[in-house]
Amino acid sequence: MSKPFTAKSMMRDSRFSDYFKTCEATKLHDIETRMGSLIREEQEFCVPISRPHLCNLFSALALYRSDLDEGIDKEASQEKIVAIMETYLAPRKRMFQRMVRIPGIFPLIRKAIPKMMMKGNGYGWDSVEVDCGKNVCAFDTRQCIFATIFKKQGVPELGPCFCRIDDYLYSELPGIEFKRTGTCCRGDACCDFRFIKENKRNTNKWL
């Protein structure tokens with residue numbers, strides 16, 4: 001059974017859930033009200049497969065607007081949003097670091113991640129697998145739901161906060177180098193994700 005698209009439910013399922021538990025009642029009510037408005041405004045994106053992304057997207061946007069209305073500086077709020085997500089995702093980052101140490105795991109990563117991106121993200125996304133050789137897991141994301149909605153909502157500056165989270169999660173993987181020369185949220189044509197197996201003999205063009 002699909003989870004509901006309600007403010008409280010989506011806040012609870014977001015990366016901001018722990019932070020929301022620390023908010024004062026008035027702040028929490030303000031964020032919840034803004035979440036409800038976003039859900040109504042962006043109904044076309046509110047399909048089950050997109051819900052996990054929207055939980056984080058709407059929560060970040062509602063918190064950001066609440067902060068700005070309180071007089072908090074834009075950059076300060078953005079840094080807070082990134083810090084909240086990094087704290088929440090720290091266990092996942094450690095899990096990824098352990099996982100990539102498993103012998104023989106890279107061929108599985110190379111096959112699985114692009115397919116997950118192409119089939120698992122759903123509406124609002126457009127990703128294609130790129131063949132860069134057996135030592136590189138590669139895909140390009142040509143349409144990003146974060147870039148689309150943040151731009152539509154007039155806050156494109158929030159998109160790079162989520163790009164930074166990819167950098168946080170993947171930049172310290174043992175034996176794998178994460179590279180990306182551009183992202184949709186930063187105004188580039190696509191997000192070119194490259195996970196490169198470290199190998200002294202690897203002469204791939206993406207090194």
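- Looking only at atom types and distance, the side chain of Y64 has no donor-acceptor partner in the side chain of K80 under 3.5 Å away.
- The closest side-chain heavy-atom distance from S50 to F45 is not below 4.5 Å.
- Judged purely by atom type and a 3.5 angstrom limit, S14 uses its side chain to pair as donor or acceptor with the backbone of M11.
- In this structure Q153 satisfies the side chain to side chain contact (heavy atoms under 4.5 Å, CB included) test together with L38, E41, E42, L61, R65, I149, V155, sequence neighbours excluded.
- The closest side-chain heavy-atom distance from D13 to K3 is below 4.5 Å.
- Panel note: side chain D126, backbone R142; no donor-acceptor pair is recorded below 3.5 Å.
- Take P4 and apply the side chain to side chain contact (heavy atoms under 4.5 Å, CB included) test, not counting sequence neighbours, and it matches T6, S9.
- Looking at D73 and L68, their side chains never come closer than 4.5 Å, going by heavy atoms from C-beta outward.
- D67 and K27 are joined by a salt bridge, as a carboxylate oxygen and a charged side-chain nitrogen come within less than 4.0 angstrom of each other.
- Remark: D140 pairs with V128, V130, C190, D192, R194 by the side chain to side chain contact (heavy atoms under 4.5 Å, CB included) rule, at least two apart or across chains.
- Taking each heavy atom of P114 and A138 in turn, the nearest pair found is CG-O, 4.0 Å.
- Using modelled atom types, one side-chain atom of T33 and one backbone atom of H29 make a donor-acceptor pair closer than 3.5 Å.
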Under the side chain to side chain contact (heavy atoms under 4.5 Å, CB included) criterion, do F5 and Q43 qualify, and how do the steps go? CA-CA 9 Å; F5 281 87; Q43 270 296 305; 5.6 Å; no
For side chain to side chain contact (heavy atoms under 4.5 Å, CB included), just list the numbers for D69 and R34, CA-CA rounded to whole Å, side-chain angles, deciding distance to a tenth of an Å, and then say yes or no. CA-CA 12 Å; D69 281 355; R34 295 173 190 272; 2.6 Å; yes
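- Placement of I72 and L28 in two distinct hydrophobic clusters is found when ILVMFWY residues are connected by side-chain heavy-atom separations under 4.5 Å, directly or transitively.
- Taking the side chain as every heavy atom from C-beta outward, S59 and F20 approach each other to under 4.5 Å.
- The ring pair (Phe, Tyr, Trp, His ring centres under 6.0 Å) analysis of residues 155-176, with sequence neighbours excluded, yields the pairs F96-Y170, F146-F162, F150-F162, Y170-F178, Y170-F195.
- In the displayed structure, K8 atom NZ is contacted under 6.0 Å by at most 12 heavy atoms of other residues, nucleotides or ligands.
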Starting from the C-alpha separation in whole Å, work towards a yes-or-no answer on side chain to side chain contact (heavy atoms under 4.5 Å, CB included) for R15 and I84. CA-CA 8 Å; R15 296 169 180 172; I84 290 169; 6.0 Å; no
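- Side chains of E177 and K179 form a contact here, defined as non-hydrogen atoms less than 4.5 Å apart.
- For the side chain to side chain contact (heavy atoms under 4.5 Å, CB included) test, residues two or more places apart in sequence or in another chain that qualify with R110 are F106, D131, C137.
- Atom CZ in R180 sits 10.0 Å away from atom CG in D188 (nearest 0.5 Å).
- The closest side-chain heavy-atom distance from T26 to D30 is not below 4.5 Å.
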When you look at S37 and R40, which way does the side-chain hydrogen bond (donor to acceptor under 3.5 Å, both in side chains) test go after all the steps? CA-CA 5 Å; S37 296; R40 291 189 294 272; 3.2 Å; yes
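- Across all non-hydrogen atoms, the minimal contact from E32 to A7 is O-CB, 3.5 Å.
- Looking at heavy atoms from C-beta onward, F58 lies in side-chain contact with C46 at the 4.5 angstrom threshold.
- Heavy atoms from other residues, nucleotides or ligands lying under 6.0 Å from CD of E24 number 12 at most.
- Distance check, rounded to the nearest 0.5 Å: CG of L89 to CD1 of I165 gives 6.0 Å.
- Under the side chain to side chain donor-acceptor pair (under 3.5 Å) criterion, the residue pairs touching residues 86-100 are K93-E172, with sequence neighbours excluded.
- Scanning both residues, F16 and A60, for their nearest heavy atoms gives CZ-CB, 3.7 Å.
- Minimum interatomic distance between D167 and S171 (heavy atoms only, all atoms of both residues): O-OG, 2.7 Å.
- With rounding to the nearest 0.5 Å, the separation of CD in Q78 from CG in L63 is 11.5 Å.
- For the atom pair CG of L173 and CD1 of I176, the computed distance is 5.5 Å after rounding to the nearest 0.5 Å.
- Side chains of V136 and K197 form no contact here, defined as non-hydrogen atoms less than 4.5 Å apart.
- The SG atom of C185 lies 11.5 Å from the NZ atom of K151; values are rounded to the nearest 0.5 Å.
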Could you walk me through whether C163 and R186 pass the side chain to side chain contact (heavy atoms under 4.5 Å, CB included) test, one step at a time? CA-CA 8 Å; C163 302; R186 291 173 175 144; 3.6 Å; yes
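- A distance-only check finds no donor-acceptor pair linking the side chain of S66 to the backbone of A62 [under 3.5 Å].
- The minimum heavy-atom distance linking C144 with C184 is given by the pair CB-CB, 4.0 Å.
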